[in-house]
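Below: one structure, written as structure tokens.
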Amino acid sequence: MTLGGKEVEVMGIISPDDFNSGRCFQLGGGSSAALRSSQAVKKCFSNPFKSVCKLSSKENRQKSFQNCKPRHDPYAPNSLVMPQPDNNHQWMFSKNCFPVVDVVIDPHLVFHLRPHQKEGIIFLYECVMGMRVNGRCGAILADEMGLGKTLQCISLIWTLQCQGPYGGKPVIKKTLIVSPGSLVNNWRKEFQKWLGIERIKIFTVDQDHKVEEFTKSPFYSVLIISYEMLLRSLDQIKNIKFDLLICDEGHRLKNSTIKTATALISLACEKRIILTGTPVQNDLQEFFALIDFVNPGILGSLPSYRKIYEEPIIKSRQPSASEEEKELGERRAAELTCLTGLFVLRRTQEVINKYLPPKIENVVFCRPGALQIELYRKLLNSQAVRFCLQGLLENSSHLICIGALKKLCNHPCLLFSSVKEKECSSTWDENEERNLYEGLMNVFPADYNPVMFTEEESGKLQVLSKLLAVIHELCPDEKVVLVSNYTQTLNILQEVCKRHGYAYKRLDGQTQISQRQQIVDGFNSKYSTDFIFLLSSKAGGVGLNLIGGSHLILYDIDWNPATDIQAMSRVWRDGQKHPVHIYRLLTTGTIEEKIYQRQISKQGLSGAVVDLTKTCDHIQFSVEELKNLFTLHESSHCVTHDLLDCECTGENHTGDSLEKFPVFRNCQLGTHQQKSDSLKPVSMSQLKQWKHFSGDHLNLTDPFLERIRENVSFFFQNITNQTTAI
Ligand SMILES: Nc1ncnc2c1ncn2[C@@H]1O[C@H](COP(=O)(O)OP(=O)(O)OP(=O)(O)O)[C@@H](O)[C@H]1O
Ligand SMILES: [Mg+2]
């Protein structure tokens, strides 16, 4: 027959099952298992005698085979032996018909490995060896933050560099690791931590150490470079033959059109690993980009992927979907999961919890100071806010109002400085900020000087100051990580440190990348005299290890829960010796509570793709929502608690026994293959199960909370891993 001008011949009938699952569209037209064998057929015919004949005599062969012994004893107790390749694999990859030799992980490493890390290494080994999907050597390790993805990769590199299944010959010579700039030195440190400096020579690229040096020297086998440097040195990098490519925090490759992604795609290396702590299945388009990066072409072209998987899956999730559409979408999602599940691995933090000390998480609602309340009222009565609520202002003007309220919550002096700055600027007259700030100066005392700010002027700062004092007093050898997302706020916090004589380190967006690791090491060192680490989590918290600190204070709240979760994961991770205390400070009744509510509500959760790239600008607000945002609740102890519908009065509430509601997670690939993800912010229903205390509650057993209670209207508290005892 003729279809669209093309002559078509029917070759056979596709079974409904094959169509529904989408299998018939895959390479080779078969199931994932068939994909393996269809790939195998791709190998060109070669003379089976050729390789054998190369070995001129029987003697030679025997001699060369005699050396084919495993590097470490596979029968030793606790040895970790990699799976042997099957016949199909041997037929494809065993050059010269070398005998199969056990690949055994260095016992020195195995001694330290956690069970999930052993599994992870086997998984990575099978992937890059092409044993999971024949002819494909890519993998995505998407373990949650802090599970030791670095160590798993280091173990893999060290193993493949010294060993291989065929005659024991090493599989790789050179490895390229690309990571965010702030983590380049962390990689070096981790190599040294686990392998010492003798076993493996690694080269990190920075201002003083250029790629040429690596190219010229035969010693180095691992090159570690930042994404930015990679772009600058791409030409040299392309000339080096790398056998293994690892992209740390590889979530940034989710858009294949960005420069970094195109640069990396252009590298010839076949064995590719993406490391990311972020769930990868939440957005089907991004998922495609990541999958296609590690295993190019495995899902076909983007247009066909969209037709076969994305469209039916998304359609099936819509409320208007018919039964037929639902079924088709589910079948396609299942097939996609099955296919990609072969080389995507994600474990949640639960696997490591038992090795971690207890975590005591507190949400602390701080009473605003008198000046704060007065200024807050004034801002809410401003023309700018009123216009916003009438929908009269331009799109982004509500962001200016929100920004001003957030500053005020942190400290009135920040608002004072902003107003002063604007007043002096030439655009003040036309500026819509004028509508917001008008008359505000009259509320400040006449001689107000922002440099001489006091702690009493801000509810949170007062609580912070007391909290630091009590930690210093009760746990003199413990340290605090203090997080804000604003440089100006960090300046204030830094000033507080100075006033109280607390030694501190600071890392923010302006910190030189080359200095970051040094600062982190200095803080983590047991000899360090620092008490506080001032961190701008947005500017560079990703991937950092700050286990020197066991108290973490989140001074302000971000719209994106991922920012806060990232920060929290810096201290509660492997290697932490002390119980971890986390304090999230919120100003009672203000916009900070609203932002927190958004984080924990359904609405917030559905957008809670744990992705740091999502910013406040992406959020659309209805006029109703803005009304709620721009309301100050002066009489409530805790608006969030009021919303929970909880009967307790904050006296002795030790957690609700209500059964847990299933928490909705925005995973486009469906819920059937997702375990609970601990990187999600807590939900309303979970918060209900936390302990609730009002500030007036008399019997606070927590000595830290006891000390700050005077300035606090309400607490939520949750303890994880209590069994490991404080
Ligand atoms: N088996 C282990 N025993 C002790 N410490 C470990 C072990 N595995 C990892 N660690 C330590 O745990 C910390 C976290 O590891 P790592 O930085 O690799 O986490 P990650 O999975 O990359 O997390 P993120 O997503 O935050 O980057 C590091 O300090 C590392 O040295
Ligand atoms: Mg990492």
Side-chain angles (χ1 to χ4, degrees), residues 78 80 105-121 123-124 139-158 177-196 224 226-227 246-252 273-280 345-357 481 483 516-517 520-521 523-526 535 537 540-550 552 562-578 580 610-612 677-679:
N78 299 326
L80 179 60
I105 306 291
D106 193 332
H108 171 78
L109 282 172
V110 178
F111 176 75
H112 299 284
L113 294 173
R114 309 275 188 221
H116 75 276
Q117 293 173 328
K118 292 181 183 173
E119 280 168 27
I121 294 167
F123 162 82
L124 288 174
I140 297 179
L141 184 59
D143 284 346
E144 273 187 6
M145 292 178 249
L147 260 59
K149 294 185 278 292
T150 323
L151 172 57
Q152 294 174 65
C153 286
I154 289 173
S155 308
L156 180 80
I157 297 169
W158 176 233
I177 299 172
V178 196
S179 86
S182 52
L183 295 181
V184 167
N185 277 316
N186 183 60
W187 271 93
R188 171 193 281 285
K189 278 205 59 185
E190 287 275 313
F191 267 102
Q192 284 173 3
K193 176 171 173 181
W194 303 113
L195 290 171
I224 308 173
S226 68
Y227 285 98
I246 297 178
C247 301
D248 192 13
E249 302 297 340
H251 201 66
R252 60 171 72 197
I273 298 175
I274 279 183
L275 302 181
T276 172
T278 307
V280 287
L345 182 64
R346 176 170 184 80
R347 275 83 53 89
T348 58
Q349 211 158 29
E350 275 149 35
V351 299
I352 205 179
N353 280 1
K354 60 173 178 280
Y355 304 104
L356 298 182
V481 178
V483 187
R516 292 187 178 194
Q517 190 60 39
V520 170
D521 291 348
F523 177 74
N524 284 338
S525 159
K526 61 175 177 225
L535 173 72
S537 70
V542 180
L544 286 185
N545 284 311
L546 291 172
I547 48 174
S550 53
L552 180 124
T563 317
D564 298 339
I565 294 169
Q566 262 289 342
M568 289 193 232
S569 304
R570 301 305 110 210
V571 291
W572 199 53
R573 46 171 51 207
D574 219 329
Q576 177 59 259
K577 303 275 185 299
H578 299 286
V580 167
V610 183
D611 183 349
L612 285 172
D677 217 313
S678 54
L679 287 185

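Just so it is clear, the model here is predicted, and its values are computed rather than measured. The figures here come from the full heavy-atom set of this structure, side chains too, leaving out hydrogens, waters and symmetry mates. Order of listing sets the numbers, starting from 1, for every ligand and every atom in it. Residue indices begin at 1 and follow the sequence shown.
Atom 8 (N) of ligand 1 has Gln117 NE2, 2.9 Å as its closest protein atom, hydrogens excluded (heavy atom only). Of all protein heavy atoms, the one lying nearest to atom 23 (O) of ligand 1 is Gly146 N, 2.7 Å. Scanning all protein heavy atoms for the shortest distance to atom 13 (C) of ligand 1 gives Asn545 OD1, 3.6 Å.
The atoms of ligand 1 that sit less than 4.0 Å from any heavy atom of Leu151 are 1 (N), 7 (C), 8 (N). Every atom of ligand 1 is numbered from 1 in the order shown, and the set under 4.0 Å from a heavy atom of His112 is 1 (N), 2 (C), 3 (N). Near Glu190, the atoms of ligand 1 lying under 4.0 angstrom from a non-hydrogen atom of the residue are 28 (C), 29 (O), 30 (C), 31 (O). Shown in contact with Arg570 at under 4.0 Å from a heavy atom are these atoms of ligand 1, numbered in order with element: 26 (O). Listed by number with element, the atoms of ligand 1 under 4.0 angstrom from any heavy atom of Met145 are 23 (O), 24 (P), 25 (O), 26 (O). Set against the non-hydrogen atoms of Lys193, the atoms of ligand 1 under 4.0 Å away are 29 (O), 30 (C), 31 (O).
Considering CG of Leu195 and OG of Ser155, their distance stands at 7.5 Å, rounded to 0.5 Å. Within the model, atoms CD1 of Ile121 and CD1 of Ile154 stand 10.0 Å from one another, a figure rounded to the nearest 0.5 Å.
In this structure a side-chain-to-backbone donor-acceptor pair under 3.5 Å is present from Asn524 to Asn545. Side chain of Gln576 to backbone of Val571: a donor-acceptor contact under 3.5 angstrom is found. Using modelled atom types, one side-chain atom of Arg346 and one backbone atom of Gly277 make a donor-acceptor pair closer than 3.5 Å. A distance-only check finds a donor-acceptor pair linking the side chain of Arg570 to the backbone of Gln566 [under 3.5 Å]. Under the 3.5 Å distance criterion, the side-chain polar atoms of His116 are matched with a main-chain donor or acceptor of Leu147.
Backbone and side-chain nitrogen or oxygen atoms of Gly148 are examined, and one is located within less than 3.5 angstrom of a nitrogen or oxygen of ligand 1. The shortest N or O to N or O distance between Gly277 and ligand 1 is not below 3.5 Å.
Taking the six-membered ring for Trp and thresholds of 30 and 60 degrees, His108 and His112 have ring planes more than 60 degrees apart, a perpendicular arrangement.
Glu350 has its side chain out of reach of Glu144: every pair of non-hydrogen atoms, C-beta onward, lies at least 4.5 Å apart. Side-chain contact check for Val351 versus Asp143: every heavy-atom pair is 4.5 Å or farther apart.
Put simply, no part of Ser569 is less than 4.0 Å from ligand 1, judged by heavy atoms. The shortest heavy-atom distance from Trp194 to ligand 1 is under 4.0 Å.
Of the listed options Leu183, Asp143, Thr150, Thr150 places a heavy atom closest to atom 18 (O) of ligand 1. Of the listed options Arg347, Arg114, Glu249, Gln566, Glu249 places a heavy atom closest to atom 27 (O) of ligand 1. Here the shortest heavy-atom distance to atom 17 (O) of ligand 1, taken over Lys149, Arg573, Gln576, belongs to Arg573. The closest heavy-atom contact to atom 10 (N) of ligand 1, among the options Asp574, Leu109, Leu356, comes from Asp574.
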